[in-house]
Amino acid sequence: MPDDELARFLAALGPAGRERVLALTREQQAQLARAWEEELVDDTDLDTLDELSPAAAETEAAERVLRDFTQE
């Protein structure tokens, strides 16, 4: 996985989310970053938010992916 994908994912999270992700293994970090990219592509609800604020859409998707991962 390219480091830039992980860097973009981390940048979309708030400080607490970044800390949680950085505490995970490199494999888990990569898994979350890939899931985030898929969420951005697949979630049609984010399309409207993305038109209004791309950064807000990325943050919403990142927080959702992290929340889903920690609930597993």
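A side-chain contact (heavy atoms from CB on, under 4.5 Å) with Leu32 is found for one member of Asp68, Leu10, Thr70, Val21 and no other, namely Val21.
Of the possible polar contacts, one joining the Trp36 side chain to the Glu58 backbone as a donor-acceptor pair under 3.5 Å is found.
The shortest heavy-atom contact between Val65 and Glu39 is CG2-CB, 4.0 Å. The two residues Glu63 and Leu13 come nearest to each other via the heavy atoms N-CD2, 4.0 Å. Ala57 approaches Leu40 most closely through the heavy-atom pair O-CD2, 4.0 Å. When all heavy atoms are compared, the tightest approach of Thr59 to Ala12 is OG1-O, 3.0 Å.
Salt bridge status for Arg34 with Glu38: absent, with no side-chain N to carboxylate O gap under 4.0 Å.
Of the inter-residue distances, the one linking Phe69 atom CZ with Gln31 atom CD reads 5.5 Å to the nearest 0.5 angstrom. The CG atom of Leu6 sits 7.5 Å away from atom CG of Leu22, with the distance rounded to the nearest 0.5 Å. Expressed to the nearest 0.5 Å, how far CZ of Arg20 lies from CZ of Arg67 amounts to 9.5 Å.
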Please step through side chain to side chain contact (heavy atoms under 4.5 Å, CB included) for the pair Gln29 and Phe9, ending with a clear verdict. CA-CA 9 Å; Gln29 292 174 8; Phe9 173 62; over 6 Å; no
